[in-house]
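Below is one structure, written out as structure tokens, with a few remarks after it.
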Amino acid sequence: MIPSALGERLDAAVEAHRQGALELLQRLVRLPSLEGHEKPCQDMLALVMRDLGLEVDYWTPDDAELQAHPAYVPTGWSYAERPNVVGRLRGSSGGRSLILNGHVDVVPIGPEADWQYGPWSGAYVDGRVYGRGAADMKGGVVANVLTVMALRSAGVRLHGDLMVQHVVDEEAGGNGTLAAILRGYRGDACIFTEPTGLKRIAVSNRGAQFFRIIVPGQEGGIEYKHDLVSPISKAIEVFQAVEAYSIMRESVVSHPLYTTVYNTQVPTGICKFHAGEWPSTIPSQAVLEGSIECLPGENIQDIKQAFKQYVETWSAKDGWFKDHPLRLEWFGLWFDSAEIPTDHPMVTTLAGITESLTGEAVRIGGAGGCDLRLPVKYADTPAVLFGPKGGLIHSTDEYVEFEQVILCAKILARMAVTWCGAD
């Protein structure tokens with residue numbers, strides 16, 4: 001652990017930038033950085049990091065290079081005008097490097113009228129900053145920047161490099177972080193400051209794959225309904241079969257990192273249904289879409305094959321489907337599963353620093369689909385999720401607790417000094 005006098009100096013440096021950090025967070029939340037519209041946020045962050053004296057790398061990910069990589073998630077979007085930004089604080093010599101990663105893209109807002117303070121308000125009320133992306137994860141982005149501010153103000157010179165990554169496209173699958181890896185950014189440790197609440201460090205992520213099942217039927221006017229096979233009725237049977245598969249999966253597999261975190265350790269489910277073009281016509285087909293996931297230690301490709309075999313075997317026993325087969329398609333978002341050891345030095349170091357500041361035990365657990373897998377599997381960089389607490393994430397009236405942003409920066413500043421070494 002670092003000397004108490006240095007720790008106090010770092011804490012004081014964080015506090016000295018409290019107001020500036022709040023204003024930066026509010027400004028970022030007020031920028032509606034939906035998928036494909038991240039550039040204004042990135043421009044602002046690039047300017048802030050340049051003002052801090054960091055070496056700033058600002059670039060547009062290459063579509064062809066991304067698509068050629070085995071971890072690419074096919075979003076169907078171009079990355080033109082969707083820059084990544086990395087700021088590097090060069091170390092003096094020989095220390096371990098640390099990456100702090102945050103994404104600036106946010107999910108859609110839903111009905112704007114339902115928001116108490118407005119989705120892009122950045123309102124600061126009773127210690128909370130409100131708005132889409134406040135928790136997921138502009139609060140974490142500001143904690144990363146505030147960490148650098150504190151190190152600079154405290155006059156600390158790290159031995160190893162500290163890299164602050166601001167990436168696009170995490171919500172759609174992670175191609176922004178993949179682009180940073182392809183750019184050459186690797187480290188001895190990586191912390192994604194996602195909103196875990198500073199009481200939990202996530203050391204793994206589940207794998208996942210979106211799927212589509214096309215259910216054939218017989219099209220015709222509603223007056224012939226008793227003579228036709230409705231794909232809606234058959235789709236309900238398919239839905240029930242997938243639910244049965246999900247329960248089977250949950251009953252035979254488990255992972256110690258997920259037993260106490262999620263009610264459903266390894267979900268499979270259909271979440272989208274579409275059929276028909278006219279209220280009085282039996283449709284020719286129904287389309288079901290959903291997601292299948294796997295636990296760390298499982299291969300998502302193996303799980304996909306097992307699910308495909310289940311669907312084919314089940315449907316072959318149905319008279320209609322035997323002659324009119326279902327079509328199972330894979331599309332869009334997919335993840336590998338990944339994990340690092342719970343006793344990895346970066347995990348124990350981060351947990352020890354956090355416990356020394358909060359006086360509370362830190363729980364080690366797992367996360368759902370996220371970017372953690374990318375540095376672990378493709379950059380030989382151990383990674384965790386650890387960041388400030390928020391609420392109503394991906395929901396109306398999302399918020400982040402600002403005191404958690406401050407505390408997170410204090411922890412990260414001490415982590416940088418401890419992990420990277422410092423003068």
Inter-residue atom distance L412.CG - T354.OG1, 0.5 Å rounding: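 Taking CG in L412 and OG1 in T354, the distance rounds to 8.5 Å.
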
Would you say the ring centroid of [X] lies under 6.0 angstrom from that of [Y]?
X: F211; Y: F331; answer: no
X: H69; Y: Y378; answer: yes
X: Y399; Y: Y117; answer: no

Report all side-chain donor-acceptor pairs from residues 273-284 shorter than 3.5 Å, counting only partners two or more places apart or in another chain.
{"from": "W278", "atom 1": "NE1", "to": "S280", "atom 2": "OG", "distance (Å)": "3.1"}

Flag side-chain contact, heavy atom, 4.5 Å: R88 against L54: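 In short, these two side chains do not touch, never coming nearer than 4.5 Å.
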
Donor-acceptor pair between D169 and Y79 side chains, under 3.5 angstrom: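 Per modelled atom types, D169 and Y79 side chains form a pair under 3.5 Å.
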
Would you call the rings of [X] and [Y] parallel, tilted or perpendicular if under 30° counts as parallel and over 60° as perpendicular?
X: H255; Y: Y258; answer: perpendicular
X: H344; Y: W419; answer: tilted
X: Y124; Y: F402; answer: perpendicular

[X]/[Y] ion pair, N-O < 4.0 Å:
X: E194; Y: R200; result: no
X: D336; Y: R373; result: no
X: R183; Y: D57; result: yes

Any donor-acceptor pair under 3.5 Å from D105 side chain to E171 backbone: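 Checking the backbone N and O of E171 against the side chain of D105, a donor-acceptor pair under 3.5 Å is found.
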
Partner of P216 by side chain to side chain contact (heavy atoms under 4.5 Å, CB included), out of L326, D323, V229: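 Output: one option passes, namely L326.
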
Atom [atom1] of residue position [X] - does it have more than 12 heavy atoms of other residues, nucleotides or ligands inside 6.0 Å?
X: Y224; atom1: OH; result: no
X: K304; atom1: NZ; result: yes
X: K234; atom1: NZ; result: yes

Among K410, R128, R18, the one residue meeting salt bridge (charged side-chain N to carboxylate O under 4.0 Å, His left out) with E403: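 Looking at K410, R128, R18, the match for E403 under the salt bridge (charged side-chain N to carboxylate O under 4.0 Å, His left out) is R18.
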
Residue pairs fulfilling side-chain hydrogen bond (donor to acceptor under 3.5 Å, both in side chains) with at least one residue in residues 20-42, sequence neighbours excluded: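 Matches after skipping sequence neighbours: Q19-E23, S33-K138, E35-R82, E38-R82, K39-D43.
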
